[in-house]
Amino acid sequence: MTSDDVLAEFRSAGALLEGHFVLSSGLHSAVFLQKMAIFTDPVRTARVCGALAERIADRFGQVDYVVSPAIGGIVPGYETARALGAKAIFVERDPGKPFSLRRGFQIPKGARAVMVEDIVTTGLSSRECLAALTSEPGEVVGAACLIDRSGGKVDLGLPLVALVTLDIPNYPADQLPPELAAIPAVKPGSRALPGA
Ligand SMILES: O=P(O)(O)OC[C@H]1O[C@H](OP(=O)(O)OP(=O)(O)O)[C@H](O)[C@@H]1O
Ligand SMILES: O=C(O)c1cc(=O)[nH]c(=O)[nH]1
Ligand SMILES: [Mg+2]
């Protein structure tokens with residue numbers, strides 16, 4: 001799939017939203033990729049995650065485990081793992097705490113793992129996910145996402161493979177352009193806002 005094919009998939013699923021959004025990082029944006037509009041359709045999900053799996057295999061070779069940050073990463077992580085012939089596990093948060101592996105999940109000694117995110121904006125969630133894996137016996141060899149909206153600027157400390165790279169502006173709350181400040185903001189994701 002080309003970048004245009006993937007974006008066409010997001011567009012036709014109604015996953016490309018315009019408005020005023022508060023992102024997981026607390027930054028604001030006029031664009032939100034509502035990945036759940038893709039993940040509610042298993043056929044679409046298999047198409048985009050199959051394409052991501054091909055990129056992962058080309059870049060990282062054999063993969064035994066896919067690890068994803070909850071909640072948004074769980075479905076694409078699972079579907080990408082299916083296409084790679086790998087196992088799928090995820091990190092999750094106790095309220096107010098950083099991500100950790102629970103439920104008996106582990107990356108065993110000798111296993112090769114790739115982190116799979118849905119969307120990367122600042123890389124905060126990806127880095128937090130990777131930090132939760134540093135004491136695992138197995139090796140995390142790279143990271144991947146469906147859409148990198150940082151324009152390729154994020155640094156995860158590991159190579160990042162993205163199905164699509166976009167450069168979408170984000171703004172701190174006190175530096176909103178007037179057209180954004182005029183619209184009430186919505187916060188679609190699961191990370192708690194500071195002070196919430
Ligand atoms: O690169 P970042 O700045 O961390 O932003 C991207 C993250 O934001 C979203 O998750 P969110 O925390 O909104 O919750 P969700 O996974 O439940 O959608 C998305 O799923 C990524 O995990
Ligand atoms: O940065 C985010 O929180 C974010 C951006 C986006 O476009 N989609 C999403 O699910 N999360
Ligand atoms: Mg997420």
Side-chain angles (χ1 to χ4, degrees), residues 3 6-11 13-41 44-45 48-49 52 66-80 88-102 114-133 140 142-173 175-176 180 183 185-196:
S3 291
V6 178
L7 286 176
E9 200 79 69
F10 270 71
R11 233 176 245 112
L16 261 178
L17 307 182
E18 289 179 26
H20 181 182
F21 305 96
V22 182
L23 306 178
S24 182
S25 53
L27 294 172
H28 292 234
S29 179
V31 177
F32 191 78
L33 298 151
Q34 182 44 280
K35 68 274 177 147
M36 292 303 169
I38 296 280
F39 303 153
T40 46
D41 181 338
R44 275 192 207 283
T45 306
V48 295
C49 292
L52 185 63
V66 167
V67 190
S68 298
I71 295 173
I74 294 178
V75 172
Y78 183 88
E79 196 56 39
T80 304
I89 60 177
F90 56 86
V91 296
E92 61 194 303
R93 289 190 187 93
D94 280 327
K97 300 239 178 85
F99 282 131
S100 64
L101 282 178
R102 296 175 53 190
V114 167
M115 189 209 64
V116 169
E117 253 287 25
D118 44 7
I119 313 288
V120 169
T121 301
T122 63
L124 184 69
S125 302
S126 301
R127 285 189 293 273
E128 202 182 282
C129 173
L130 291 168
L133 308 176
V140 182
C145 65
L146 293 175
I147 301 198
D148 171 6
R149 40 177 291 168
S150 81
K153 292 194 276 289
V154 288
D155 180 3
L156 303 182
L158 281 177
L160 172 66
V161 168
L163 205 46
V164 179
T165 301
L166 301 172
D167 196 354
I168 303 178
N170 309 310
Y171 309 94
Q175 291 173 34
L176 298 184
L180 217 53
I183 314 173
V186 292
K187 161 87 176 59
S190 67
R191 184 194 284 271
L193 288 170

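As the structure lists them, so they are numbered: ligands from 1, and atoms in each ligand from 1.
When only interatomic distances are considered, the shortest N/O to N/O separation between Gly123 and ligand 1 falls below 3.5 Å. Geometrically, ligand 1 and Ser125 share a nitrogen or oxygen pair separated by less than 3.5 Å.
Distance check: Arg44 CZ to Cys49 SG gives 13.0 Å after rounding to the nearest 0.5 Å.
Between atom 10 (O) of ligand 1 and the options Glu117, Lys35, Glu128, the minimum heavy-atom separation is to Lys35.
Of the residues Asp148, Leu52, Leu7, the one that meets the side-chain contact (heavy atoms from CB on, under 4.5 Å) test with Leu163 is Leu52.
Side chains of Ile74 and Glu92 form no contact here, defined as non-hydrogen atoms less than 4.5 Å apart. The shortest side-chain heavy-atom distance between Ser125 and Phe99 falls under the 4.5 Å cut-off. In this structure, Phe10 and Val164 have side chains that are not in contact, with every pair of non-hydrogen atoms separated by 4.5 Å or more. In this structure, the side chains of Leu166 and Ile147 come closer than 4.5 Å at one or more pairs of heavy atoms. Within the 4.5 Å cutoff, the side chain of Ile71 has heavy atoms near those of the Met36 side chain.
Considering only non-hydrogen protein atoms, atom 6 (C) of ligand 1 sits nearest to Ile119 O, 3.2 Å. Taking atom 13 (O) of ligand 1 as the reference point, the nearest protein heavy-atom neighbour is Gly189 CA, 3.2 Å. Of all protein heavy atoms, the one closest to atom 3 (O) of ligand 1 is Thr122 OG1, 2.5 Å. For atom 12 (O) of ligand 1, the nearest non-hydrogen atom of the protein is Ser24 OG, 2.8 Å. Counting protein heavy atoms only, atom 16 (O) of ligand 1 is closest to Gly72 N, 2.8 Å. Of the protein's non-hydrogen atoms, the one nearest atom 17 (O) of ligand 1 is Ser190 OG, 2.6 Å.
Across all their heavy atoms, Asp118 and Gly73 have their closest contact at OD2-N, 3.9 Å. Across all non-hydrogen atoms, the minimal contact from Pro76 to Leu146 is CB-CD1, 4.3 Å. Contact detail for Phe90 and Leu101: the closest heavy-atom pair is O-CD2, 3.5 Å. Between Ile119 and Lys35 the shortest heavy-atom distance is CG1-CD, 4.3 Å.
Put simply, no part of Pro69 is less than 4.0 Å from ligand 1, judged by heavy atoms.
At a heavy-atom cutoff of 4.0 Å, ligand 1 is contacted by the side chain of Asp118 but not by its backbone.
Heavy-atom contacts of Leu124 reach the following atoms of ligand 1: 1 (O), 2 (P), 4 (O) (cutoff under 4.0 Å). Near Ser25, with a cut-off below 4.0 Å to any heavy atom, the atoms of ligand 1 are 3 (O).
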Quick check for students: name every N or O atom pair between ligand 2 and the protein closer than 3.5 Å, with distances.
residue: ligand 2; atom: 1 (O); partner: Thr121; partner atom: OG1; Å: 2.6
residue: ligand 2; atom: 3 (O); partner: Ser24; partner atom: N; Å: 2.8
residue: ligand 2; atom: 7 (O); partner: Leu33; partner atom: N; Å: 2.8
residue: ligand 2; atom: 7 (O); partner: Arg149; partner atom: NH1; Å: 2.8
residue: ligand 2; atom: 8 (N); partner: Leu33; partner atom: O; Å: 2.9
residue: ligand 2; atom: 10 (O); partner: Leu33; partner atom: O; Å: 3.4
residue: ligand 2; atom: 10 (O); partner: Lys35; partner atom: NZ; Å: 2.7

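Using a distance-only test at 3.5 Å, with no hydrogens or angles considered, no donor-acceptor pair links the side chain of His28 to the main chain of Tyr171.
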